[in-house]
> 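To start, I am sharing the structure in question, which I have written as structure tokens.
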Amino acid sequence: MTVSLRYDDGTLRAEGDALDELPGVEYDARSHTGRAPAHRYAAIRDWLDRNDRAVDDDVLALDTVPDLHSDYELRSYQQDALDAWAAGGGGDEPLPNRGCIELPTGSGKTVVAIGAIERLQTPTLVVVPTLDLVHQWRTELEREFDAPVGQFGGGEQRAEVLTVSTYDSAYLKAEDIGDRFGLVVFDEVHHLGGEGFRDIGRLLAAPARMGLTATFERPDDAHEIIEELVGPLVYRLSVDDLAGDHLARYDVKQLTVELTPDERERYEEHQSTFTDYLARSNIRFTSGSDYQELIKRSGTDPEAREALLAKQRARRIMMGSQAKVDALADILDDHRGDRVIVFTAHNALAYDISERFLIPTITHETGTSERREVLEKFRDGTYSRVVTSNVLDEGVDVPDANVAVILSGSGSEREFTQRLGRILRPKTDGGRALLYELVSAETAEERVASRRRG
DNA sequence: TTGACTCAACATCCTTTGCTACAA
DNA sequence: TTGTAGGTTTCCATGTTGAGTCA
């Protein structure tokens, strides 16, 4: 009656009796073997243990770990988050050491993971979206633990007891290394909802899983898949919960500006090209995904294509209106002594601002060395202002500022939260941070702006 | 090691009105 | 009656990143 479990290239192989009772296992009667995606390992083991079934478990191949001890003292909310995670939660049969934690940028998410590593004393894989974060995590882990730290990504492929990987490299290697870790930490776990990246979660057998993010929910509802792969949201604090204690207090000022008559005319023309097409072709946006229908049509229907292009042009006008640039001039004037980051939605606008106000700019076209130089000079005070598009939203260690100006942006709540996070590091003088949001009156931007505020 | 390139993957992209079929 | 879910699978454009290749 013994059930034997093995890891086999990203799946679990089960042999024995009554395999069809096991949760998530597909039984093949001919070969008398069962198969399940590797992420079901913890649930299957849990079921077997609860039903007093004998198990020959050879799934994990874990290296022995040195004593993983960190001197870090968790803040009370970090401790609460760690405890909630250890208890698991949600669902009918919650599994321990599983779940996602939502904490604002700058509140010390890394430290919660370090606490988990120390508690479990098991080989751990940390998965992060960018190489910048790979380096930050390596530095952190090497400082906290007396253990070698390996890396997947950025040209290195070396596994150690503690290993940091990009999502891309984890995707490529998951099948090979899926049995070598007892704990996996997904930093910026919302990425795991991506169509391809979710396979990483499926192919790993690690029973303990932690997801960290500042914005758990996804507009496409893929966080439900994340809950299945990592665990439910077990702990959550918002920026407002920590403002004043561990993050700076802040104010948001929304400034409404008018289009010039010429801009207004062009905006209305493009916008109506778009809406006229919608009316004519009977397209209704009853759900968010209906926009896909329009995009699909534009592949074959020139009018649909023209409608979309017109919409693009209208967006560009409202997002980069003259009045916004003028308002920015006033803001920069009012904040001569402050450290200001200006955000735009389009590179062209970022370059315009850069030229007009002589502010250094960072976009994805900025090379690594130049980028490093600009950030370094912003950090040491040589520059007090930076203009950027979407580059600094996530995964880059950006020096603190106290004023942010959103000249234009998408309706994404995530983008807004990340941009706000850039100014929330506690101020030495206890001062408040200030975020300006510029919105063109009577345009679709009013709706966009309200959407991103949740 | 670096830099320049290509490629693939991911994310956002949206209007305010009310179709159609089916289940509770 | 009322409320809720609903077929299809791919991609107009822009921004961003990591991996891989080649010099």
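Because only heavy atoms are used, hydrogens play no part in the values below, and waters and symmetry mates are left out as well, while side chains stay in. What you see is a predicted model; the values in this text were computed from it and never measured.
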> Taking any heavy-atom pair under 4.0 Å as a contact, classify A:Y167: base, sugar-phosphate, or nothing.
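Counting heavy atoms under 4.0 Å across all strands, no contact is made by A:Y167.
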> Just say parallel, tilted or perpendicular for the rings of A:Y436 and A:H335, cut-offs at 30° and 60°.
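Answer is perpendicular, since the angle exceeds 60°.
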> Would A:T363 and A:Y351 count as having a side-chain donor-acceptor pair, cut-off 3.5 Å?
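Yes, A:Y351 and A:T363 have a side-chain donor paired with an acceptor closer than 3.5 Å.
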> Applying the side chain to side chain donor-acceptor pair (under 3.5 Å) test to A:T215, which of A:E413, A:R414, A:E188, A:E415 qualifies?
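With A:T215 as partner, side chain to side chain donor-acceptor pair (under 3.5 Å) holds for just one option, A:R414.
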> Taking side-chain contact (heavy atoms from CB on, under 4.5 Å) as the test, write out the residues that go with A:N97, two or more places apart.
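Expected list: A:W85, A:A86, A:L120, A:A208.
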> Dump the pairs, protein N or O against N or O of nucleotides 10-13 of chain B, anything under 3.5 Å, distances to one decimal.
{"residue": "B:dC10", "atom": "OP1", "partner": "A:G196", "partner atom": "N", "Å": "2.5"}
{"residue": "B:dC10", "atom": "OP1", "partner": "A:F197", "partner atom": "N", "Å": "3.2"}
{"residue": "B:dA11", "atom": "OP1", "partner": "A:R218", "partner atom": "NH1", "Å": "2.9"}
{"residue": "B:dA11", "atom": "OP2", "partner": "A:R218", "partner atom": "NH2", "Å": "3.1"}
{"residue": "B:dT12", "atom": "OP1", "partner": "A:S412", "partner atom": "OG", "Å": "3.4"}
{"residue": "B:dC13", "atom": "OP1", "partner": "A:G411", "partner atom": "N", "Å": "2.8"}
{"residue": "B:dC13", "atom": "OP2", "partner": "A:R451", "partner atom": "NH2", "Å": "3.4"}
{"residue": "B:dC13", "atom": "N4", "partner": "A:Q292", "partner atom": "NE2", "Å": "3.3"}

> Do the side chains of A:F416 and A:L435 get nearer than 4.5 Å, heavy atoms only?
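The answer is yes; the side chains approach within 4.5 Å.
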> Using the P atom as the reference point in each nucleotide, state the distance between B:dT12 and C:dT9 in Å, no decimals.
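Rounded to whole Å, the distance is 24 Å.
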> Using the C1' atoms only, state how far B:dG18 lies from C:dT10, rounded to an integer number of Å.
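Comparing C1' positions in C:dT10 and B:dG18 gives a spacing of 27 Å.
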> Using the C1' atom as the reference point in each nucleotide, state the distance between C:dC11 and B:dA8 in Å, no decimals.
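Between the two C1' atoms, the distance is 14 Å.
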> So do A:K173 and A:Q157 actually touch side chain to side chain, heavy atoms under 4.5 Å?
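The answer is yes, as the side chains (C-beta and beyond) meet within the 4.5 Å cut-off.
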> When all nucleic acid strands are considered with a 4.0 Å heavy-atom cut-off, which category describes A:E156: base, sugar-phosphate, or nothing?
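Answer is nothing: A:E156 stays at 4.0 Å or more from every strand.
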> Indicate for each nucleotide in nucleotides 15-23 of chain C, in 5' to 3' sequence, whether protein heavy atoms under 4.0 Å reach the base (B), only the sugar-phosphate (S), or nothing (-).
SBBSSS---
> Taking atom types as they are modelled, is there a donor-acceptor pair under 3.5 Å from the base of C:dT9 to the side chain of A:K296?
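Flag unset: no donor-acceptor pair detected.
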> Taking only side-chain nitrogens and oxygens of A:R305, does any of them come within less than 4.0 Å of OP1 or OP2 of C:dA13?
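It does, given that an N or O in the side chain of A:R305 lies less than 4.0 Å from OP1 or OP2 of C:dA13.
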> What pairs with A:A159 under side-chain contact (heavy atoms from CB on, under 4.5 Å), at least two apart in sequence or on another chain?
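A:F152, A:T163, A:R180.
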> Which heavy atom in A:Y267 sits nearest to a heavy atom in A:I317, and how many Å separate them?
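For A:Y267 versus A:I317, the nearest heavy atoms are N-CD1, 3.9 Å.
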> Hey, what are the protein-to-nucleotides 3-8 of chain B N/O distances that come in under 3.5 Å?
none

> If I take atom CZ in residue A:R313 and atom C1' in nucleotide C:dT14, what distance separates them, rounded to the nearest angstrom?
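Atom CZ in A:R313 sits about 15 Å away from atom C1' in C:dT14.
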> When A:Y250 is tested against each of A:N402, A:V239, A:L434 for side chain to side chain contact (heavy atoms under 4.5 Å, CB included), which residue passes?
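Filter result, single survivor: A:V239.
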> With A:D8, which residues qualify under salt bridge (Lys or Arg N to Asp or Glu O under 4.0 Å), at least two apart?
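Result, salt bridge (Lys or Arg N to Asp or Glu O under 4.0 Å) vs A:D8: A:R13, A:R35.
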> State the pairing partner of B:dT1; accept Watson-Crick or G-U wobble contacts with both distances under 3.5 Å, and report none otherwise.
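WC or wobble partner does not exist here.
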> Rounding to the closest angstrom, what is the interatomic distance between B:dC13 and C:dC12 at atom C1'?
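Result for the C1' pair: 10 Å, nearest Å.
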> With no hydrogens and no angle check, just 3.5 Å: does a side-chain donor-acceptor pair link A:D132 and A:T130?
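Per modelled atom types, A:D132 and A:T130 side chains form no pair under 3.5 Å.
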> For the pair made of CD in A:E293 and C1' in C:dG6, what is the distance, rounded to whole Å?
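To the nearest whole Å, that distance equals 13 Å.
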> How many Å lie between CD on A:E446 and C1' on B:dC14, as a whole number?
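My rounded result for the distance is 16 Å.
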> Apply the test side-chain contact (heavy atoms from CB on, under 4.5 Å) to residues A:R198 and A:L229: give CA-CA distance (whole Å), side-chain angles for both, the deciding distance (0.1 Å), then the verdict.
CA-CA 8 Å; A:R198 54 184 72 163; A:L229 294 173; 4.0 Å; yes
